[in-house]
Amino acid sequence: LQLVESGGGLVQPGGSLRLSCSTSQFALDVYAITWLRQAPGKEREGISCITSGDGSTTNYVDSVKGRFTISRDNAKNTVYLQMNNLKPEDTAVYFCAAENAYYTKTYCRYGPDGMDYWGKGTLVTVSS
């Protein structure tokens, strides 16, 4: 079972992109979803997550807080990451991951350990 990311591409500094995370194989609404990224030569890091169900809790690391917004549309079985005011240091492969545990209605984690399902990633390049 796998997630599918889309929406990456080349964007100029200050620009915006919206990433999507979806699957046709299972329902995402029972899963907390985490967005992670891996820049060249660096470890994969979690940057944002959203709890399962109505997604009432969202978390962001400091480097993206105020610029990125995570949301979910369970009717479309999709989780989004809206990225605004992109910077060259945001250049990375972006992954989404899903976790289903007793706590994921109220708490989500940045991973990468403990995630149940992963996507293969989408490349985001921020450059002029």
Side-chain angles (χ1 to χ4, degrees):
L1 298 179
Q2 196 162 51
L3 302 171
V4 178
E5 303 93 340
S6 62
L10 174 64
V11 63
Q12 292 186 341
S16 298
L17 284 174
R18 188 178 76 161
L19 305 184
S20 298
C21 172
S22 63
T23 180
S24 61
Q25 297 175 320
F26 58 96
L28 284 181
D29 59 343
V30 298
Y31 290 85
I33 302 296
T34 297
W35 282 99
L36 307 94
R37 67 186 180 186
Q38 188 165 18
K42 295 189 177 181
E43 293 188 354
R44 192 172 300 188
E45 62 165 346
I47 59 171
S48 182
C49 65
I50 187 167
T51 48
S52 62
D54 63 3
S56 57
T57 298
T58 59
N59 294 316
Y60 304 91
V61 296
D62 287 345
S63 59
V64 307
K65 198 172 294 183
R67 300 188 298 124
F68 291 10
T69 303
I70 191 170
S71 62
R72 64 190 309 150
D73 184 339
N74 291 331
K76 295 184 178 180
N77 211 39
T78 301
V79 174
Y80 302 100
L81 185 69
Q82 177 67 43
M83 306 188 296
N84 298 329
N85 191 22
L86 283 160
K87 304 176 181 181
E89 52 263 41
D90 294 316
T91 295
V93 178
Y94 284 71
F95 301 87
C96 63
E99 181 183 21
N100 184 6
Y102 68 91
Y103 49 78
T104 48
K105 285 186 179 180
T106 57
Y107 179 73
C108 60
R109 303 191 296 150
Y110 290 127
D113 295 337
M115 299 292 120
D116 296 314
Y117 303 111
W118 287 85
K120 293 184 177 180
T122 186
L123 177 63
V124 172
T125 303
V126 185
S127 175
S128 54

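Side chains are part of it too, since the values below use all heavy atoms of this structure and drop only hydrogens, waters and symmetry mates.
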Answer yes or no: is there a donor N or O on one side and an acceptor on the other, between the side chain of Ser48 and the main chain of Tyr60, under 3.5 Å?
-> no

Judged by atom type as modelled, is there a donor-acceptor pair below 3.5 Å linking the side chain of Glu45 to the main-chain atoms of Arg37?
-> no

Exam field: side chain Thr57 to backbone Thr51, donor-acceptor pair closer than 3.5 Å | no

Heavy-atom check, side chain of Leu3 versus side chain of Val79, under 4.5 Å | no

Apply side-chain hydrogen bond (donor to acceptor under 3.5 Å, both in side chains) to Tyr107 and list each qualifying residue two or more places apart in sequence or on a separate chain.
-> none

Between the CH2 atom in Trp35 and the CE atom in Met83, the distance rounded to the nearest 0.5 Å is 8.0 Å

Residues in salt bridge (charged side-chain N to carboxylate O under 4.0 Å, His left out) contact with Arg44, at least two apart in sequence or another chain = none

Can you hop from Ile50 to Phe68 via hydrophobic side chains spaced under 4.5 Å?
-> yes

Give every residue pair that meets the side-chain hydrogen bond (donor to acceptor under 3.5 Å, both in side chains) criterion with at least one member in residues 74-88, sequence neighbours excluded.
-> Ser16-Asn84, Arg72-Asn74, Gln82-Asn84

Say whether Met115 and Leu28 are linked into one hydrophobic cluster, either directly or through other cluster members, by side-chain heavy-atom distances under 4.5 angstrom.
-> no

Looking only at heavy atoms, what is the nearest atom pair of Tyr31 and Ala98, with distance?
-> CD2-CB, 3.7 Å

Tyr94 and Glu5: CA distance, side-chain angles, deciding distance, side chain to side chain contact (heavy atoms under 4.5 Å, CB included) verdict = CA-CA 8 Å; Tyr94 284 71; Glu5 303 93 340; over 6 Å; no

What distance separates Asp73 CG from Ser22 OG, expressed to the nearest 0.5 Å?
-> 11.0 Å

Which pairs count as side-chain hydrogen bond (donor to acceptor under 3.5 Å, both in side chains) when at least one residue sits in residues 115-128, sequence neighbours excluded?
-> none

Glu43 atom CD: more than 12 heavy-atom contacts under 6.0 Å | no

Indicate, with yes or no, if Phe26 and Val30 share a hydrophobic cluster defined by side-chain heavy-atom contacts under 4.5 Å among Ile, Leu, Val, Met, Phe, Trp and Tyr.
-> yes

side-chain contact (heavy atoms from CB on, under 4.5 Å) partner of Val124, chosen from Val93, Leu19, Thr91 | Leu19

Of all residues at least two apart in sequence or in a different chain, which pass the side-chain hydrogen bond (donor to acceptor under 3.5 Å, both in side chains) check with Glu99?
-> Tyr103, Arg109

Honestly curious: do Val61 and Leu86 fall in one hydrophobic cluster under the side-chain, below-4.5 Å linking rule?
-> yes

Using the disulfide bond (SG atoms under 2.5 Å apart) rule, collect all pairs that involve residues 72-128, keeping only residues at least two apart or in two chains.
-> Cys21-Cys96, Cys49-Cys108

Does the pair Leu81 and Ile47 meet the rule for a side chain to side chain contact (heavy atoms under 4.5 Å, CB included), with working shown?
-> CA-CA 10 Å; Leu81 185 69; Ile47 59 171; 4.0 Å; yes

For Thr23 and Leu1, what are the C-alpha separation, side-chain angles and deciding distance, and is it a side chain to side chain contact (heavy atoms under 4.5 Å, CB included)?
-> CA-CA 9 Å; Thr23 180; Leu1 298 179; over 6 Å; no

For Thr34 and Tyr110, work out which heavy atoms get closest and say how close.
-> CG2-O, 3.5 Å

